[in-house]
K.L.:
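Once you've had a glance at the structure underneath, I'll fire off some questions.
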Amino acid sequence: MGYAEFHRRSLEDRDAFWAEQAKLIDWETPPQQICDNSNPPFTRWFVGGRTNLCHNAVDRHLGARGEQPALIYVSSETNEERVYSYRELHSEVQRFAAVLKSQGVGKGDRVLIYMPMIAEAAFAMLACARIGAVHAVVFGGFASVSLASRIDDATPKVVVSADAGSRGGKVVPYKPLLDEALRLSNHKPGSVLLVDRKLAPMEMTAGRDHDYATLADRHQRTTVECEWLESTDISYTLYTSGTTGKPKGVQRDVGGYAVALTASMKHIFLGNAGETYFSTSDIGWVVGHSYIIYGPLLAGMATIMYEGLPTRPDAGVWWSLVEKYKVTSMFSAPTAVRVLKKQDPAFLKKYDLSSLRALFLAGEPLDEPTAKWIAESLGRPIIDNYWQTESGWPILTVANGVEKKASKFGSPGVPMYGYDVKLVHESTGEELKGPDQKGVVVIEGPTPPGFMQTVWRDDARYVNTYWSSIPGRQVYSTFDWGIRDQDGYYYILGRTDDVINVAGHRLGTREIEESISSHPNIAEVAVVGVADQLKGQVAVAFAVVKDTSGLTDEAAKLKLEGEVMKVVDEQLGAVARPARVRFVTVLPKTRSGKLLRRAIQAVCEGRDPGDLTTIEDPTALQQIKDLVATR
Ligand code: AMP
């Protein structure tokens with residue numbers, strides 16, 4: 001079957017199509033109804049079916065490949081390398097599940113995981129899935145304030161963390177950040193499990209903090225069976241940034257996610273049982289959930305979990321892993337490729353990469369020079385794929401597992417099966433059917449399996465944020481601009497909202513602004529994303545200072561800039577730190593007081609700021625222009 005027909009069937013013959021895909025996983029009770037869309041936009045998949053993600057990712061493979069590698073853990077930070085077979089993974093996960101149970105965790109309870117890239121993070125996630133607990137993984141690069149708001153939203157019974165991570169050979173302590181977050185949060189979890197890597201000292205709070213290894217020792221041989229869950233039960237929440245300062249908990253189901261990922265491994269990622277998958281992402285992001293942990297394991301593959309930089313000990317480290325473990329599919333982000341592009345290309349030629357079928361890239365726009373460079377250097381297909389935390393798996397790409405289709409530079413590809421993607425006019429809501437017309441990329445419901453169910457504990461926010469932004473129609477907005485060519489390939493042209501994308505990490509400018517405003521000498525601030533050659537975008541802040549008496553020279557300004565950056569580092573984490581903080585006397589706003597972020601961004605990128613008839617004070621933009629000119 002050609003891909004066009006495959007895609008058509010997925011929409012027009014939806015139930016039959018997905019009933020077939022559902023056979024790719026094990027069910028304790030098969031689904032009674034495939035798609036229930038009686039209460040849009042809350043689509044329910046495989047209703048009545050009972051299954052378990054951990055069973056499908058681990059236990060299911062014990063018979064055929066118990067002794068084959070499942071998790072390959074590599075840290076170039078601590079020089080650890082360990083291969084866990086499916087059988088060993090099964091034991092580790094049961095041990096973790098037993099410890100969670102001993103702390104009172106049961107079905108539906110939340111477990112917040114704030115971990116560096118260590119194998120225990122994978123055990124913890126799979127253990128939650130095993131017992132029906134809901135995991136909420138928070139990216140280890142976030143600091144106390146970000147973490148505290150997520151603790152308050154998820155209200156976890158248990159937090160799982162570690163003494164420290166490591167980056168570029170530098171120890172990054174986690175425990176003090178966690179302690180500060182727990183001091184700031186209103187919700188206090190009953191217990192904190194800590195994996196001690198012996199990288200940094202930990203101050204333990206008696207009665208609350210427990211050494212994981214000590215508890216695990218008591219459960220060397222404990223068996224913990226998989227809890228059979230309803231397909232529509234919650235598997236996890238994952239926080240993502242939007243236009244408000246408060247992060248949204250993207251909530252996912254069990255059965256739909258298991259089917260969607262397993263199908264995507266076959267149709268999109270070309271992964272077969274017994275082969276090796278290597279995704280360079282982090283478990284704190286959606287790619288880490290879907291394609292470091294669940295996807296490859298669901299497919300019976302070995303998955304590489306890598307802690308460290310792509311350039312340490314040298315820029316060949318990833319390729320050496322491809323050679324050593326005969327990686328067949330690799331998944332990374334354009335920023336990482338841009339980093340490698342600056343290094344000696346000889347590193348790419350040093351290793352035997354013949355096992356590699358394709359390199360998949362996602363998370364941010366893939367620019368043509370980067371795509372061309374890596375395609376030529378690797379001599380393998382480079383497959384761009386566009387998706388979001390919300391979707392859980394690709395929305396646009398090419399499904400080479402169904403039919404070989406050429407990629408086009410600059411385009412992630414065509415709509416994936418299950419996705420009814422459209423372009424609509426921003427203000428009229430009219431569908432743009434012709435080629436080369438710019439519109440908002442939207443998805444017509446019902447959303448496919450694996451797609452978010454709702455915003456955790458906030459159905460109204462799900463509807464109001466995602467499904468109500470296009471006038472006159474209830475469609476899901478991606479908040480991305482796009483165009484489609486005559487062959488049906490889409491091109492993504494950037495966000496319609498105030499979300500920025502720094503090195504593939506999604507950040508809300510509002511969150512950064514709130515953090516900067518907490519500095520005692522900042523009256524007001526605007527943060528915008530500015531194009532950057534390496535990171536795609538970087539955050540740049542323009543701030544109005546309360547007391548300017550000390551800001552007499554450049555040195556004083558640089559000092560305040562450093563202080564503001566430190567506030568962001570401490571509250572949100574270095575990942576959110578603006579590249580520059582510049583000082584102005586007034587910010588460009590409309591007469592009704594709305595910040596003109598897009599005009600600021602245009603000026604920073606040397607573009608025309610567009611229509612400024614509504615601007616309150618035209619000198620405001622001139623100040624920014626002057627600053628940008630002086631760099
Ligand atoms: P996240 O939820 O962090 O994965 O961020 C999703 C956003 O990243 C999307 O809405 C896009 O703005 C951007 N994005 C992700 N993948 C791509 C891609 N392949 N091409 C262009 N933009 C992308």
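We count residues from 1, following the sequence as given. In listed order, ligands and their atoms are each counted from 1.
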K.L.:
Using the ring pair (Phe, Tyr, Trp, His ring centres under 6.0 Å) definition, which of the options Tyr257, Tyr417, Trp387 pairs with Trp393?
P.N.:
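The passing option is Tyr417.
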K.L.:
Would you call the rings of Tyr466 and Phe479 parallel, tilted or perpendicular if under 30° counts as parallel and over 60° as perpendicular?
P.N.:
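Taking Phe479 first and then Tyr466, their aromatic rings sit tilted (interplane angle of 30° to 60°).
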K.L.:
I'd like to know whether the aromatic ring centres of Tyr114 and Tyr174 sit less than 6.0 Å apart in this structure.
P.N.:
yes
K.L.:
Side chains of Tyr306 and Ser75: closer than 4.5 Å at any heavy-atom pair?
P.N.:
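The answer is no, as the side chains (C-beta and beyond) never meet within the 4.5 Å cut-off.
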K.L.:
As a test of reading the model: which residues have a non-hydrogen atom less than 4.0 Å away from ligand 1?
P.N.:
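Under the 4.0 Å cut-off, ligand 1 touches Gly363, Glu364, Pro365, Asp384, Asn385, Tyr386, Trp387, Gln388, Thr389, Asp480, Ile492, Arg495, Asn501, Arg506.
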K.L.:
State plainly whether the residues Glu605 and Arg607 are in salt-bridge range, i.e. N to O under 4.0 Å.
P.N.:
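Looking at Glu605 and Arg607, the cut-off is met.
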K.L.:
Taking atom types as modelled, is there a side-chain donor on Arg457 or Thr155 under 3.5 Å from an acceptor on the other?
P.N.:
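Yes, Thr155 and Arg457 have a side-chain donor paired with an acceptor closer than 3.5 Å.
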